[in-house]
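Notes for the one structure printed next.
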Amino acid sequence: MDLLNTLVDKGLRRELPTREEALAVLATSDDDLLDVVAAAGKVRRHWFGRRVKLNYLVNLKSGLCPEDCSYCSQRLGSEAGILKYTWLKPDQASEAAAAGVAGGAKRVCLVASGRGPTDRDVDRVSDTIRTIKEKNEGVEVCACLGLLSDGQAERLREAGADAYNHNLNTSEATYGEITTTHTYADRVDTVNKAHAAGLSACSGLIAGMGETDEDLVDVVFSLRELDPDSVPVNFLIPFEGTPLAKEWNLTPQRCLRILAMTRFVCPDVEVRIAGGREVHLRTLQPLALHLANSIFLGDYLTSEGQAGKADLEMIADAGFEVEGADQVTLPEHRAAGGCHDGGGGCGSEGGGVCGSGAGAKPAEPREAAEPRTDLVAVRRRGAGTDIAPNA
């Protein structure tokens with residue numbers, strides 16, 4: 001397929017595909033799916049080999065958020081029966097983090113619900129970061145605390161944070177349909193603050209919220225322009241008690257196409273399979289490792305993932321290896337910090353038209369299977385409980 005050959009060549013050169021080419025990936029048929037995975041897999045292996053980076057989530061403060069993000073079980077007015085608790089103490093957070101590190105996680109992601117941290121919250125999280133780093137030599141720490149005010153990213157970096165996560169989630173054109181209590185521009189501003197402070201920026205998306213192919217391409221192209229080091233791809237977990245509880249419109253095949261498109265647009269970036277992989281990729285999860293080079297180990301913020309042991313077995317059985325603490329995740333040109341020029345994304349060469357994507361015939365729409373509500377399990381273990389975590 002000329003389209004895939006073109007995209008592989010561009011991915012190896014870090015050249016931006018055209019929008020038409022990205023849309024054509026999402027429009028490929030099920031008959032072509034393995035060809036799409038194989039092509040994107042060449043790009044993934046070129047930049048990241050067969051390594052899989054493991055990340056572990058610690059929910060520092062759960063529920064009771066004043067924001068109204070429609071996808072979130074912690075949102076204002078959520079009726080989802082999730083765990084609700086205030087800030088974990090540094091030792092509690094460190095203990096939870098240690099479980100993930102023992103399971104093979106290289107990065108610990110510290111998350112707290114809320115619009116954004118107060119200065120006191122930044123002090124609290126800074127203490128937690130220092131405690132985790134003192135007790136877990138070599139671990140990376142990423143903070144995810146919402147919208148940042150001036151100077152807060154610098155303070156987190158001084159405390160030892162390596163990265164900051166703040167997702168764009170969806171396209172700018174449709175953002176107001178998902179959230180009304182803050183704007184898309186607010187999110188872009190926080191990612192830029194993380195960059196400016198010298199933190200590794202982490203920003204991604206959520207698929208499955210009723211968006212169009214154009215929306216997906218828009219948000220991934222916007223991420224390329226923001227140039228984060230890691231791009232988490234979440235698949236909506238439709239929690240009962242949230243406005244998007246009935247949005248069951250993803251198939252495993254569509255999830256793979258979304259990951260492949262993201263890899264082609266962001267070839268040398270850490271693409272992470274994040275929340276919802278067990279719910280929507282299901283038995284095709286191993287195929288997704290040919291597209292993404294990073295996953296979350298074990299449970300998520302408010303939902304349970306598959307057993308950590310099963311994650312490790314899946315990686316080994318698929319012929320991949322867990323990335324070690326002594327290995328550098330990013331390619332040399334990114335790890336050296338030379339790609340954050342704010343000029344259209346790492347390796348961008350203008351995205352000139354090249355290839356045969358523009359005339360691709362859209363695939364026939366395929367309805368998602370019956371909702372798999374049995375796969376949505378509220379987290380009842382780990383952080384905020386007395387039960388051992390899943391790692």
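Predicted, not measured: the structure shown is a model, and the values here were computed from it.
- The residues Arg277 and Asp311 are annotated as salt-bridged, a charged nitrogen and a carboxylate oxygen being separated by less than 4.0 angstrom.
- Residue Tyr300 belongs to a hydrophobic cluster whose other members are Leu57, Val111, Phe296, Leu301, with links defined by side-chain heavy atoms closer than 4.5 Å.
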Query raised in the report: Would Ser126 and Asp123 satisfy side chain to side chain donor-acceptor pair (under 3.5 Å), going step by step from the backbone distance to the final call?
Result: CA-CA 5 Å; Ser126 294; Asp123 289 340; 5.4 Å; no

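- Using a 4.0 Å cut-off between charged nitrogen and carboxylate oxygen, Arg272 and Glu270 count as a salt-bridge pair.
- Nearest heavy-atom pair across Val265 and Ala22 is CG2-CB, 4.3 Å.
- Within the 4.5 Å cutoff, the side chain of Val233 has no heavy atoms near those of the Ile273 side chain.
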Report task. Assess whether salt bridge (Lys or Arg N to Asp or Glu O under 4.0 Å) is satisfied between Asp32 and Arg257, documenting all intermediate values. Result -> CA-CA 10 Å; Asp32 293 325; Arg257 291 187 192 95; over 6 Å; no

Requested in this report: Go through Lys53 and Glu140 one step at a time and tell me if the salt bridge (Lys or Arg N to Asp or Glu O under 4.0 Å) criterion holds.
Outcome: CA-CA 11 Å; Lys53 181 176 181 177; Glu140 298 175 7; 2.8 Å; yes

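- The existence of a salt bridge linking Arg372 and Asp374 is confirmed by a sub-4.0 Å separation between a basic side-chain nitrogen and an acidic carboxylate oxygen.
- Donor-acceptor pairing under 3.5 Å is recorded for the side chains of Arg187 and His182.
- A salt bridge is absent between Arg107 and Asp162; no separation between the charged side-chain nitrogens and carboxylate oxygens falls under 4.0 Å.
- Within 6.0 Å of the CZ atom in Arg124, the count of heavy atoms belonging to other residues, nucleotides or ligands exceeds 12.
- The side chain to side chain donor-acceptor pair (under 3.5 Å) test with Gln152 singles out one residue from Thr190, Asp121, Asp119, and that residue is Asp119.
- Legend: ring pair (Phe, Tyr, Trp, His ring centres under 6.0 Å) pairs involving residues 301-327, not counting sequence neighbours, sorted by first then second residue: His290-Phe320.
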Report task. Walk me through it: do Arg334 and Asp227 pass the test salt bridge (Lys or Arg N to Asp or Glu O under 4.0 Å)? Result -> CA-CA 10 Å; Arg334 294 193 70 88; Asp227 199 27; 3.1 Å; yes

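- Put simply, Leu289 and Val43 are part of the same group of oily side chains (I, L, V, M, F, W, Y) that touch within less than 4.5 Å, one to the next.
- Residues passing the side chain to side chain contact (heavy atoms under 4.5 Å, CB included) test with Asn136, sequence neighbours excluded: Ser94, Ala98, Val101, Ile132, Val139.
- Between Ser171 and Glu211, the side chains place no donor N or O within less than 3.5 Å of an acceptor N or O (distance only, hydrogens not considered).
- Atom NZ of Lys246 sits in a sparse spot, with 12 or fewer heavy atoms from other residues, nucleotides or ligands closer than 6.0 Å.
- Residues Pro389 and Tyr56 approach most closely at CB-OH, 3.2 Å, considering heavy atoms.
- Contact check for Val141 versus Lys133: side-chain heavy atoms found under the 4.5 Å cut-off.
- Between the side chain of Ser303 and the main chain of Val376, no donor-acceptor pair closer than 3.5 Å is present.
- Residues Val269 and Asp229 have side chains not in contact (no heavy-atom distance under 4.5 Å, counting atoms from C-beta outward).
- Both Val271 and Leu33 sit in one connected hydrophobic cluster of ILVMFWY residues. Membership requires side-chain heavy atoms under 4.5 Å apart, directly or through other members.
- Residues Ser203 and Val191 form a side-chain contact, since some pair of their non-hydrogen atoms from C-beta on lies under 4.5 Å apart.
- Cluster annotation: Trp87 is not connected to Leu147 through the hydrophobic network of ILVMFWY side chains, with a link wherever side-chain heavy atoms come within less than 4.5 Å.
- The side-chain heavy atoms of Cys65 and Arg75, taken from C-beta on, include no pair separated by under 4.5 Å.
- Contact between Gly41 and Leu291 at its shortest, heavy atoms only, is N-CD2, 4.3 Å.
- Gln285 and Gln306 are linked by a side-chain donor-acceptor pair at a separation below 3.5 angstrom, with hydrogens and angles left out of the test.
- The 12-atom threshold is exceeded at CD of Glu214, counting heavy atoms of other residues, nucleotides or ligands nearer than 6.0 Å.
- Contact annotation: the side chain of Asp386 never approaches that of Arg381 to less than 4.5 Å [non-hydrogen atoms, C-beta and beyond].
- A side-chain N or O of Thr212 and one of Asp215 form a donor-acceptor pair less than 3.5 Å apart.
- Across Ala383 and Leu88, no two heavy atoms sit closer than the pair CB-CD1, 3.8 Å.
- Under the 4.5 Å side-chain criterion, counting only non-hydrogen atoms from C-beta, Asn59 is in contact with Tyr85.
- More than 12 heavy-atom neighbours from other residues, nucleotides or ligands sit within 6.0 angstrom of CD on Glu313.
- With Leu287 as reference, Leu256 is the one residue of Leu259, Leu256, Leu281 to meet the side chain to side chain contact (heavy atoms under 4.5 Å, CB included) rule.
- For the residue pair Asn390 / Glu304, no side-chain donor-acceptor distance below 3.5 Å is found, with atom types taken as modelled.
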Requested in this report: In sequence, state the C-alpha distance, the side-chain angles, and the governing distance for Gln74 and Thr302, and then conclude on side chain to side chain donor-acceptor pair (under 3.5 Å).
Outcome: CA-CA 8 Å; Gln74 304 183 76; Thr302 61; 5.4 Å; no

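- Within the 3.5 Å criterion, the main-chain N or O of Cys144 finds no donor-acceptor partner in the side chain of His166.
- Put simply, the residue from Thr242, Thr179, Asn169 that forms a side chain to side chain donor-acceptor pair (under 3.5 Å) with Tyr71 is Asn169.
- For Asp68 and Thr180, the side-chain atoms include at least one donor-acceptor pair closer than 3.5 Å.
- The hydrophobic clustering, which links ILVMFWY residues whose side-chain heavy atoms are closer than 4.5 Å, places Trp47 and Ile315 together.
- Shown here for Leu16 and Arg224, the closest heavy-atom pair between the two residues is N-NH2, 3.6 Å.
- A 4.5 Å side-chain heavy-atom check between Phe264 and Val25 finds at least one atom pair inside the cut-off.
- Hydrophobic clustering (ILVMFWY, side-chain heavy atoms < 4.5 Å, transitive): Ile295 and Leu297 are in one cluster.
- A side-chain N or O of Tyr184 and one of Ser222 form a donor-acceptor pair less than 3.5 Å apart.
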Requested in this report: Given salt bridge (Lys or Arg N to Asp or Glu O under 4.0 Å), test Arg19 with Asp218 step by step and report yes or no.
Outcome: CA-CA 8 Å; Arg19 284 183 53 83; Asp218 281 349; 2.4 Å; yes

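- Looking at Arg50 and Glu321, no side-chain N of the basic residue comes within less than 4.0 Å of a carboxylate O on the acidic one, giving no salt bridge.
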